[in-house]
> 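I have a structure I would like to understand better, so I am pasting it below and will then ask my questions one at a time.
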Amino acid sequence: MWTLQNTPKIVSGVDDASLKAVSDFYRSLVDTVVEVAAVRDAELAKLLENTFRQVNIALVNEIAVHAQQLGTDIWAALDAASTKPFGFMHFAPGPGVGRHCLPVDPTYLSWQVRRQTGQALRLIEAADEVNSAMPAYIVKRLTDALNRKGMPVNGSRILLLGLAYKPNTGDTRNSPTITIARLLAGHGAHVEIIDPHTDDPVGLDVRVHYSQLTANNTATSDAVVLLTDHDAFDLQLIEDYAPYVLDCRARLSGANVERL
């Protein structure tokens with residue numbers, strides 16, 4: 001839906017000439033250019049956008065953790081809440097946040113505020129704490145599931161679907177999958193990462209390997225974790241062959257599937 005051309009572009013400049021130059025340049029590429037007089041205000045606007053997402057994702061992540069403990073379905077609740085035509089925006093829980101915009105930029109804003117004012121942006125710091133804890137929570141959920149089957153994580157064969165932080169991209173920067181893979185390998189698991197958009201295991205533990213999604217390696221795994229819901233993944237194959245699935249994106253169903 002949203003492309004470079006139809007997404008408004010915020011621009012600013014250090015003086016009138018630079019503002020005009022950058023504005024003229026982007027008007028040749030995008031439909032709408034939003035001029036902001038002060039560079040620092042334009043920068044804060046971008047930080048506000050990223051912080052808005054970071055905080056709201058942290059909200060649904062924290063609720064998802066407690067909803068599971070309370071025996072309620074966060075995904076059903078989100079679908080129901082999303083029917084309200086005002087006052088609510090749908091943010092989905094997941095295994096954590098990646099790239100630069102969410103795990104880094106809001107933290108920079110918080111650091112800058114503390115450096116210049118001596119005060120804390122408490123909501124940003126709390127959101128970062130919640131989202132940073134999600135990979136360890138995914139490992140705990142997986143550990144609990146294997147324990148219920150009488151299996152330790154140590155020696156288990158686990159498929160992680162999605163190395164990129166975002167669907168249908170190969171961007172692995174700050175991907176929560178990296179942390180999850182390292183934690184599982186540290187517990188002695190044999191981890192295989194499957195991602196059709198990247199073949200870079202980003203220097204992970206020697207017990208982490210790169211693989212392909214097939215009926216055989218799905219069926220012979222002890223657990224499959226859907227971390228990034230690439231369109232290229234054969235969801236039916238996963239439902240049919242995986243002995244156990246931890247679905248962090250609410251894309252799968254069946255008796256062998258447990259959702260985040």
Side-chain angles (χ1 to χ4, degrees), residues 46-47 49-62 64-65 91-108 124 127-143 153 156-187 189-213 217-218 221 223-235 238 242 245-252 259-260:
K46 180 57 180 172
L47 292 171
E49 294 173 20
N50 294 340
T51 300
F52 177 82
R53 289 185 291 146
Q54 167 84 322
V55 168
N56 280 282
I57 291 171
L59 173 65
V60 293
N61 275 338
E62 189 163 40
V65 171
F91 287 84
V97 293
R99 204 185 177 193
H100 196 275
C101 295
L102 301 190
V104 178
D105 289 359
T107 303
Y108 161 75
I124 290 179
D128 179 64
E129 182 180 344
V130 169
N131 288 334
S132 296
M134 288 307 292
Y137 174 70
I138 298 302
V139 172
K140 180 184 182 302
R141 284 284 298 274
L142 185 58
T143 301
V153 172
S156 293
R157 183 166 169 266
I158 299 171
L159 304 187
L160 301 182
L161 304 187
L163 178 59
Y165 86 97
K166 185 178 181 180
N168 304 322
T169 75
D171 195 339
T172 63
R173 287 175 292 171
N174 296 311
S175 171
T177 300
I178 297 171
T179 303
I180 292 168
R182 285 178 172 149
L183 288 172
L184 289 170
H187 290 311
H190 299 282
V191 181
E192 295 183 28
I193 296 177
I194 298 173
D195 194 310
H197 295 284
T198 177
D199 57 1
D200 179 13
V202 293
L204 293 169
D205 189 281
V206 293
R207 289 182 295 272
V208 178
H209 305 282
Y210 200 79
S211 184
Q212 301 295 321
L213 183 64
N217 70 356
T218 302
S221 68
V224 175
V225 187
L226 180 62
L227 295 167
T228 312
D229 49 338
H230 294 306
D231 290 341
F233 283 142
D234 187 339
L235 301 182
I238 300 165
V245 182
L246 178 57
D247 179 7
C248 299
R249 300 297 181 180
R251 294 292 305 277
L252 299 161
R259 287 184 173 180
L260 173 65

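Fair warning: this is a prediction, and the values are worked out from it, not measured in the lab.
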> Heavy atoms only: give me the nearest Ala232-Pro196 pair and the separation to one decimal.
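Minimum heavy-atom contact is CB-CG, 3.7 Å.
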> So does Ile124 get a backbone contact from the side chain of Asp128, meaning a donor-acceptor N/O pair under 3.5 Å?
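No, Asp128 side chain to Ile124 backbone: no donor-acceptor pair under 3.5 Å.
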> Apply the side chain to side chain contact (heavy atoms under 4.5 Å, CB included) test between Arg182 and each candidate in Thr179, Ile180, Ile178; give the one that qualifies.
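Testing each of Thr179, Ile180, Ile178 against Arg182, the sole residue satisfying side chain to side chain contact (heavy atoms under 4.5 Å, CB included) is Ile178.
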> For a quick test of reading the model, state the closest non-hydrogen atom pair linking Gly162 to Phe233 and the distance between them.
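Smallest heavy-atom distance, with atoms named: N-CZ, 3.7 Å.
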> Got Asp247 and Ile238 here, is their nearest side-chain heavy-atom distance under 4.5 Å?
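Heavy-atom side-chain distance check fails, nothing below 4.5 Å.
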> Is there side-chain contact between Tyr165 and Asn174, with at least one heavy-atom pair below 4.5 Å?
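Tyr165 does not reach Asn174 side chain to side chain.
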> Taking the side chain as C-beta and beyond, is there a heavy-atom pair between Leu159 and Ile194 under 4.5 Å?
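Leu159 reaches Ile194 side chain to side chain.
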> Give a yes or no on whether the backbone of Ala164 and the side-chain of Thr228 come within a donor-acceptor separation of less than 3.5 Å.
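At least one qualifying donor-acceptor pair exists.
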> Between CD1 of Ile158 and CD1 of Ile193, what distance do you get to the nearest 0.5 Å?
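It is 11.5 Å, given to the nearest 0.5 Å.
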> What residues, two or more places apart in sequence or in another chain, satisfy side chain to side chain donor-acceptor pair (under 3.5 Å) together with Asn131?
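Partners of Asn131 under the side chain to side chain donor-acceptor pair (under 3.5 Å) test: Gln54, Asn61.
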> Asn50: what forms a side chain to side chain donor-acceptor pair (under 3.5 Å) with it, not counting sequence neighbours?
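Side chain to side chain donor-acceptor pair (under 3.5 Å) list for Asn50, sorted by chain: Arg53, Asp105.
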> Ignoring hydrogens, what is the shortest heavy-atom contact between Ser211 and Glu192? Give both atom names and the distance.
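In terms of heavy atoms, the two residues are closest at OG-OE1, 3.0 Å.
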> So, for Leu183 and Ala136, which heavy atoms are closest and what is the spacing to 0.1 Å?
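It is CD1-CA, 3.9 Å.
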> Report yes if some heavy atom in the side chain of Leu184 is under 4.5 Å from a heavy atom in the side chain of Leu160; otherwise report no.
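Sidechains of Leu160 and Leu184: in contact.
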> Return each pair, listed once, that meets salt bridge (Lys or Arg N to Asp or Glu O under 4.0 Å) where at least one residue sits in residues 94-103; pairs must be two or more places apart or across chains.
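Qualifying pairs, neighbours excluded: Arg99-Asp171.
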> Is Leu246 close to Leu227 at the side-chain level, that is, under 4.5 Å between some pair of heavy atoms?
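No, their side chains stay 4.5 Å or more apart.
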> Partners of His197 by side chain to side chain donor-acceptor pair (under 3.5 Å), sequence neighbours excluded?
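Not a single residue meets the side chain to side chain donor-acceptor pair (under 3.5 Å) criterion with His197.
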> Sequence neighbours left out, what passes side chain to side chain donor-acceptor pair (under 3.5 Å) with Asp234? Give chain and number order.
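Counting only residues at least two positions away or on another chain, Asp234 forms no side chain to side chain donor-acceptor pair (under 3.5 Å).
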> Does Val225 reach the side chain of Cys248, with side-chain heavy atoms less than 4.5 Å apart?
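Contact flag for Val225/Cys248 side chains = yes.
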> Output yes when a side-chain donor or acceptor of His230 lies under 3.5 Å from a complementary backbone atom of Asn168, and no otherwise.
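Yes: the side chain of His230 pairs with the backbone of Asn168.
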> So, do Pro95 and Met134 sit near enough that their side-chain heavy atoms are less than 4.5 Å apart?
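The answer is no; the side chains never approach within 4.5 Å.
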> Start with the C-alpha gap between Tyr137 and Val65, add the side-chain angles, then the distance that decides, and say whether side chain to side chain contact (heavy atoms under 4.5 Å, CB included) holds.
CA-CA 8 Å; Tyr137 174 70; Val65 171; 3.7 Å; yes
> Heavy atoms, side chains only, cut-off 4.5 Å: are Val97 and Ile57 in contact?
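A side-chain contact exists here, since the closest heavy-atom pair is under 4.5 Å.
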> Kindly write out the residues that satisfy salt bridge (charged side-chain N to carboxylate O under 4.0 Å, His left out) with Glu49, not counting sequence neighbours, or none if the list is empty.
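Testing Glu49 for salt bridge (charged side-chain N to carboxylate O under 4.0 Å, His left out), a comparison that skips the adjacent residues, returns Lys46.
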> Any donor-acceptor pair under 3.5 Å linking the side chain of Ser175 with the backbone of Thr177?
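The answer is yes, because a donor-acceptor pair under 3.5 Å joins these two groups.
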> So which heavy atom on Pro93 is nearest to which on Val60, and how close?
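Where Pro93 meets Val60 most closely, the heavy atoms are N-CG2, 3.7 Å.
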> Donor-acceptor pair, Ser132 side chain versus Glu129 backbone, under 3.5 Å?
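No, the answer is negative, given that no donor and acceptor are paired below the 3.5 Å cut-off.
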> State the CZ-CZ distance between Arg259 and Arg141, to the nearest 0.5 angstrom.
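With rounding to 0.5 Å, CZ (Arg259) is 12.0 Å from CZ (Arg141).
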> Please report the closest heavy-atom contact between Leu226 and Asp229, naming both atoms and the distance.
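So the minimum-distance heavy-atom pair works out to CD1-CA, 4.3 Å.
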